[in-house]
Amino acid sequence: MPSRPDWNMQPPVTRYPGGADTTRQPGFCVNIRPPSREAEPLSPTFATLLERAFPEPAFGNLPKPPAHPVGPEPWLEWLGYWYHRMIRYAGLPVFEMPKALSSPDKPQYYRMYCPAYEGTENASLSLLKWLLTVSMAPQTDTLMREAMNGLDSLMKSLSAGAPTSANTLRFLFAAFEARLPVVSLGHHMFQIGIGASGVWLDGSFTSGTSVMSANLVRNKAATSDFLAKAGIPVPWQALITEEAQLKTVAEALGFPLVCKPADLDGGQGVHLHLEDLPSLAKAYRQCRELSKQVLTQPQVQGRDYRLTVHAGECVWAIERVPARVIGNGKDTVAALIDHENARPERSGTGHSPLKPLPGVHSAKDLLKAQSLKPTSVPEKGQIVVLSHLPNVAAGGQPVPIFSEVHPDNAELAARVARLCRLDLAGIDLIMPDIRRSWRDAGAWVIEVNAQPDIGQTTAGHLYGELLERMLPETSVEIRYVEGRDNDAWGLEDRVSCQGRLWNGLAWQPLPEKQAERVAWARQCLLDDECRGIWLDKESWEWFRQAATDLAIR
């Protein structure tokens with residue numbers, strides 16, 4: 001092994017706006033001299049540690065690099081791959097690999113363009129330096145493990161800058177795939193599209209989501225009362241303000257009961273199948289630790305469905321199956337749970353699409369009710385239920401059933417969303433069978449979500465489809481004009497290239513100073529009254545700096 005790294009990085013480190021000449025997304029550029037062909041190959045220990053620590057992204061193509069790179073270009077390919085994979089693991093919306101180009105003024109050096117998410121450039125550069133240093137340092141097992149331990153703080157700093165919603169990542173990826181312009185609005189909010197054609201997104205909140213609607217459905221008690229007035233089937237309910245009310249409410253509603261916070265999402269604090277007053281009281285006290293508003297309802301029977309509605313139309317549906325394992329006749333319950341939780345999609349880290357199953361301790365009461373212990377070996381095909389909660393956050397499994405939804409049930413969900421005046425909503429139904437009309441089989445609307453999880457596991461396609469539905473259909477042209485030195489352009493001017501996009505921007509005189517031009521371009525992107533723009537060659541470059549993913553086609 002070499003006693004010192006056989007590579008070099010030279011300043012300056014510069015930022016670049018992104019575009020056709022580099023990577024489509026913005027980032028930073030560094031000058032790197034790769035190790036020589038005589039350098040020692042990468043340690044298998046290091047490669048194995050990286051593979052175990054950082055699962056591949058759940059979506060997007062990521063071609064594998066050489067396992068044992070030798071020579072400058074394979075080594076740079078390996079470096080870019082792991083930079084990208086670790087950035088994605090941190091939850092950052094970076095969707096393309098770094099690009100290495102020969103440096104025209106530094107022989108043996110390459111300019112490496114590394115896309116980076118806004119606000120994380122310094123941490124991303126530190127990650128690149130870490131990969132450079134550790135990959136070329138003496139790689140004993142002890143040093144490798146110490147290096148991996150020292151990586152924790154760096155990965156945390158990267159993750160701290162990531163959007164908090166997996167929906168955001170998926171929407172941004174769909175926009176990247178469709179070559180739609182993206183503008184960061186700050187606080188992990190984004191505009192996708194241009195000017196009057198743009199839609200704002202925060203997770204699955206959109207610029208069309210009413211604040212009043214979101215506030216209404218966030219309160220489960222208020223939502224249930226509202227829907228009942230409109231003739232929607234909802235369970236009876238009681239809002240509990242003190243524990244002394246529980247006995248009276250239980251006698252009125254009858255067991256089994258559900259107890260849950262009235263103003264929390266994602267299944268937080270929900271207690272199902274409460275069979276007696278002591279279990280109800282215990283659940284109530286736990287709910288009160290999370291919220292001052294506690295709701296009690298009868299436990300309605302049936303299967304749990306989530307229907308996604310956009311613009312008054314049901315566009316997707318899943319059945320939410322509670323956490324479970326299926327016996328194979330050989331493994332114990334505990335082993336089956338461990339095997340399932342070892343799957344990368346159940347890692348529970350970053351934005352993994354599924355969450356870990358509950359452990360045997362959390363499920364002990366349910367196991368006892370099924371005459372099972374952690375050491376029991378279920379028969380082949382035997383279903384072992386680990387939780388009553390169907391939510392993905394509780395280890396549940398979503399199963400797509402959109403093609404099976406009866407039209408009456410799709411219309412019921414759409415009507416609920418329209419009543420709540422939500423443009424995008426998740427409607428939770430409990431009913432015997434989604435294939436039968438609720439008018440015949442019965443159904444209960446359990447919850448309305450103003451910021452639903454679209455579905456990473458079952459509905460990756462839906463993000464792009466929803467963007468197409470959200471963006472206005474009006475098509476306007478951005479034109480690149482040649483042969484004029486002033487701003488007095490008109491329809492008679494010669495157009496050398498034109499790109500048909502979702503919409504365009506209103507032309508106006510261009511500022512002379514660079515900073516003012518960039519600011520002007522951003523104003524055009526964000527102004528919802530902009531309708532068209534004329535650009536000369538120079539001003540197009542400045543405009544593209546603001547809209548880094550814009551492509552003239």
Side-chain angles (χ1 to χ4, degrees), residues 211-306 320 322-323 358 361-366 368-369 385 387-391 393-394 396 416 419-420 422 425-432 438 442-451:
V211 173
M212 294 178 69
S213 297
N215 287 340
L216 169 67
V217 301
R218 187 169 180 80
N219 189 300
K220 296 177 177 63
T223 305
S224 185
D225 286 342
F226 169 73
L227 293 177
K229 293 174 183 176
I232 300 297
V234 293
W236 291 98
Q237 64 173 10
L239 194 61
I240 308 297
T241 56
E242 55 185 34
E243 193 169 336
Q245 297 174 272
L246 292 177
K247 183 177 180 181
T248 302
V249 168
E251 290 173 350
L253 299 180
F255 289 105
L257 291 172
V258 174
C259 187
K260 57 186 177 181
D263 53 358
L264 295 180
D265 301 320
Q268 295 181 75
V270 176
H271 298 266
L272 304 177
H273 297 280
L274 302 172
E275 301 286 352
D276 50 43
L277 195 57
S279 61
L280 175 62
K282 181 180 178 181
Y284 171 78
R285 289 191 290 270
Q286 292 177 354
C287 289
R288 282 286 293 180
E289 294 178 0
L290 300 173
S291 172
K292 293 181 179 179
Q293 300 186 70
V294 179
L295 195 63
T296 302
Q297 296 174 325
Q299 177 70 59
V300 296
Q301 301 301 316
R303 295 159 73 176
D304 192 292
Y305 301 100
R306 160 68 62 85
R320 302 190 300 178
H361 179 74
S362 301
K364 62 181 181 180
D365 292 338
L366 266 176
K368 183 178 179 180
V385 180
S387 172
H388 287 309
L389 286 173
N391 307 67
V416 169
L419 283 168
C420 296
L422 288 169
I427 312 300
D428 294 347
L429 300 179
I430 290 183
M431 61 184 307
W438 70 273
W444 303 99
V445 176
I446 300 301
E447 196 168 324
V448 180
N449 298 270
Q451 194 180 26

| said: For P298 versus P235, what's the shortest heavy-atom pair and its separation? | reply: CD-CB, 4.5 Å
| query | When rounded to the nearest 0.5 angstrom, what is the spacing between CZ in F226 and CD1 in I232? | reply | 9.0 Å
| query | Closest approach of T296 and L253, non-hydrogen atoms and distance? | reply | O-CD1, 3.8 Å
| N449 and its side-chain contact (heavy atoms from CB on, under 4.5 Å) partner, picked from D428, I427, L422 | D428
| field | S224 side chain to K220 backbone, donor-acceptor under 3.5 Å | value | no
| request: Measure the CG-CG distance between L257 and L295 for me, rounded to the nearest 0.5 Å. | output: 11.0 Å
| query | Which heavy atom of K292 sits nearest a heavy atom of R288, and at what distance? | reply | O-NH1, 2.8 Å
| A281 and E243: which non-hydrogen atoms are nearest, and at how many Å? | CB-OE2, 3.6 Å
| query | Closest approach of H271 and C287, non-hydrogen atoms and distance? | reply | CD2-SG, 3.7 Å
| said: How close do Q268 and L290 get, counting heavy atoms only, and between which atoms? | reply: C-CD1, 4.4 Å
| field | L280: which of I240, V258, L274 passes side-chain contact (heavy atoms from CB on, under 4.5 Å) | value | L274
| task | Evaluate the side chain to side chain contact (heavy atoms under 4.5 Å, CB included) criterion for residues I446 and L429: first the C-alpha distance (whole Å), next the side-chain angles of each, then the deciding distance (0.1 Å), finally the verdict. | result | CA-CA 6 Å; I446 300 301; L429 300 179; over 6 Å; no
| Given side chains that start at C-beta, do those of D225 and Q237 come closer than 4.5 Å, heavy atoms only? | yes
| request: Give a yes or no answer on whether the side chain of S213 reaches the backbone of C420 with a donor-acceptor pair at less than 3.5 Å. | output: yes
| message | Within this structure, what is the SG-NE2 distance for the pair C259 and H273, rounded to the nearest 0.5 Å? | response | 14.0 Å
| task | Working to the nearest 0.5 Å, report the span between CD1 of I430 and CG of D304. | result | 5.0 Å
| note | Rounding to 0.5 Å, atoms OH (Y284) and CD (E242) come to a distance of 7.0 Å
| remark: One should read off an interatomic distance between Q245 CD and L239 CG, to the nearest 0.5 angstrom, of 8.0 Å
| query | Is a side-chain N or O of N391 found less than 3.5 angstrom from the main chain of A394, in a donor-acceptor match? | reply | no
